[in-house]
Amino acid sequence: MAADPAVRVIDLRKAFGTTLVLDGISLEVRPGEAVALLGANGAGKTTLLKILATLWRPTRGTATVAGFDCARQPERVRERVGLVAHGTLVYDDLTALENLRFWSVLSGATVGTSDLRDALAAVELEPFADERVRSLSAGMKRRLSLARVVLARPEVMLLDEPSAGLDPQGKKWLEEYLQVFKARGGAILMATHSFGRGLNVADRIVILAGGRIVLERPRTTLTPDELARLYALHTEDGP
Amino acid sequence: MRFARRAWIVVWKDLTIEGRSKETLNALLFFSLLLLFLFQFALGPDRERLASVLPGLLWLGFILSGLLGLGRTFVGERENDCWDGLRLAPGDKSAIYLGKLAGNLLLMLLVETTLLALFAVFFNVDIGPAAPGLALVVGLGTIGLAAIGTLFAAMTAQVRARELLFPVLLLPVQVPVLLGTVKATEAVLLGEPLGAVAHWLRLLAAADVVYVAIGVLTFDFILDG
């Protein structure tokens with residue numbers, strides 16, 4: 001029997017004033033599965049992730065994480081999701097280590113300095129542990145943001161352009177980390193514009209356009225050329 | 001214990017960042033100094049006139065510098081979307097409120113102590129004998145101001161006209177606290193015993209309890225917008 005979905009979205013709608021951003025999205029992500037959301041700017045990818053992360057409430061429909069309703073049980077959901085968004089959620093005037101300590105204590109985790117250093121080592125930032133974040137590059141800040149999520153050990157990862165700003169080495173590390181996360185039963189929902197390496201981790205590809213799902217296919221059934229053709233067809237745009 | 005650790009880490013974070021950037025502290029100290037110069041020019045050396053307006057001036061300085069400092073409480077959280085991080089942190093959000101409140105309180109008390117010392121020097125006032133009573137009144141008044149100010153700073157943090165809205169919301173609510181603090185400060189500076197202003201002190205203590213309780217009970221809803 002298949003496992004219960006880690007993420008379940010049913011007929012989800014989100015409107016900002018008169019602008020409908022999500023228009024009846026239904027989607028499931030099972031434990032150990034990664035789904036990549038593709039779509040042009042404004043297709044609704046970030047909105048969907050923010051609703052699942054409990055930052056925004058849906059206008060209609062339901063979104064659940066590990067069986068908990070994102071709108072009605074946000075605290076339960078927050079204990080289970082890790083969000084890597086456009087903003088890195090780090091303080092520029094704290095060091096990398098201090099940032100991790102702050103977020104882990106605030107989340108109620110009991111972690112020692114060695115755990116924090118291990119998390120930094122996992123994203124290859126250990127040598128910069130005591131550097132102020134202000135002095136780190138955008139890619140390094142993105143890695144620190146990932147370390148923050150790694151430390152929280154979430155069941156579901158919501159990633160919005162996770163490889164943005166990462167160098168090839170960072171992208172390789174991210175792919176490897178997400179593969180291990182998946183193998184341990186973690187679920188991943190990832191919004192991306194990348195048609196290359198970033199998609200390797202995905203089991204399914206979902207293309208959003210105008211707030212609707214216009215294509216949903218297993219990744220292995222699509223060649224890169226075919227994906228690019230379908231993407232252009234549905235979004236009237238190329239990669 | 002976990003709640004206290006979460007509140008403490010917020011205080012530690014805010015004070016560490018302030019200690020490194022010194023953005024708020026420098027601005028507040030400079031602003032306080034500027035106020036003192038203005039008051040000095042406006043009032044001149046007339047000591048009798050000064051004695052009658054000193055409590056009001058003192059609290060005007062506290063309130064104005066408090067408005068500046070409190071209004072910046074959540075400015076740092078907009079950096080890199082950290083506001084979202086606070087919202088997403090699981091657990092009771094009132095720990096964040098109490099941490100923010102404690103950080104504000106420490107900064108405000110530091111600025112107020114400096115302002116008091118400068119007042120004493122600039123206006124040649126001997127506040128030594130009144131110091132214990134003054135400390136009590138200033139402490140009670142500052143807790144009330146910081147408690148409701150921290151809450152309103154969170155409410156207006158995501159609003160476009162926050163700089164305008166924040167004092168407009170805060171000052172009317174502060175009226176009972178202001179009234180009590182000015183009256184109690186006047187009595188203390190005139191050398192009256194604290195018993196003579198016990199009713200004002202009780203009002204201040206009650207306002208503090210009510211304001212902190214409102215903050216603790218409502219912060220979760222305010223943070224989640």
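Below, chains carry the letters A, B, ... as their sequence lines are ordered, and counting in each starts from 1.
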Hey, are the side chains of B/W83 and A/L89 touching, using non-hydrogen atoms and a 4.5 Å cut-off?
no

Answer with side chain, backbone, both or neither: which region of A/R76 has an atom nearer than 4.5 Å to a non-hydrogen atom of chain B?
neither

Considering only heavy atoms, give the residues of residues 12-19 of chain B separated from chain A by less than 4.5 Å, sorted numerically, with 'none' for an empty result.
B/W12, B/K13, B/T16, B/I17

Take atom CZ in B/F3; do more than 12 heavy atoms of anything else shown fall under 6.0 Å from it?
yes

Nearest heavy-atom neighbours spanning B/S21 and A/D93
CB-OD2, 3.9 Å

B/R78 CZ: over 12 foreign heavy atoms closer than 6.0 Å
yes

Does CZ in A/F16 sit with more than 12 non-hydrogen atoms of other residues, nucleotides or ligands closer than 6.0 Å?
yes

For B/F122, look at atom CZ and say whether over 12 heavy atoms of other residues, nucleotides or ligands are found less than 6.0 Å away.
yes

When you compare the side chain of A/L106 with that of B/I96, does any pair of heavy atoms fall below 4.5 Å?
yes

Pick from A/S145, A/S107, A/A85 with the largest number of heavy-atom pairs that fall under 4.5 Å of chain B
A/S107

Selection from B/L86, B/D81, B/N80, B/D224 maximising heavy-atom pairs under 4.5 Å formed with chain A:
B/N80

Mind checking whether B/R20 and A/L94 have side chains closer than 4.5 Å, heavy atoms only?
yes

Minimal non-hydrogen separation, B/R5 against A/V105, with atom names
NH2-CG2, 3.4 Å

With side chains defined as the heavy atoms from C-beta onward, is the minimum distance between B/I9 and A/R101 less than 4.5 Å?
yes

Top residue by heavy-atom pair count (under 4.5 Å) with chain B, among A/R57, A/R132, A/K141, A/E79?
A/R132

Chain B contact via A/R80 - which portion, at a heavy-atom distance below 4.5 Å
neither

Look at B/D84 together with A/R78 and state whether they make a salt bridge at an N to O cut-off of under 4.0 Å.
no

Measure the shortest side-chain to side-chain distance between B/K93 and A/E75 over non-hydrogen atoms and say whether it is less than 4.5 angstrom.
yes

Answer whether the closest heavy-atom distance between the side chains of B/V10 and A/F102 falls below 4.5 Å.
yes

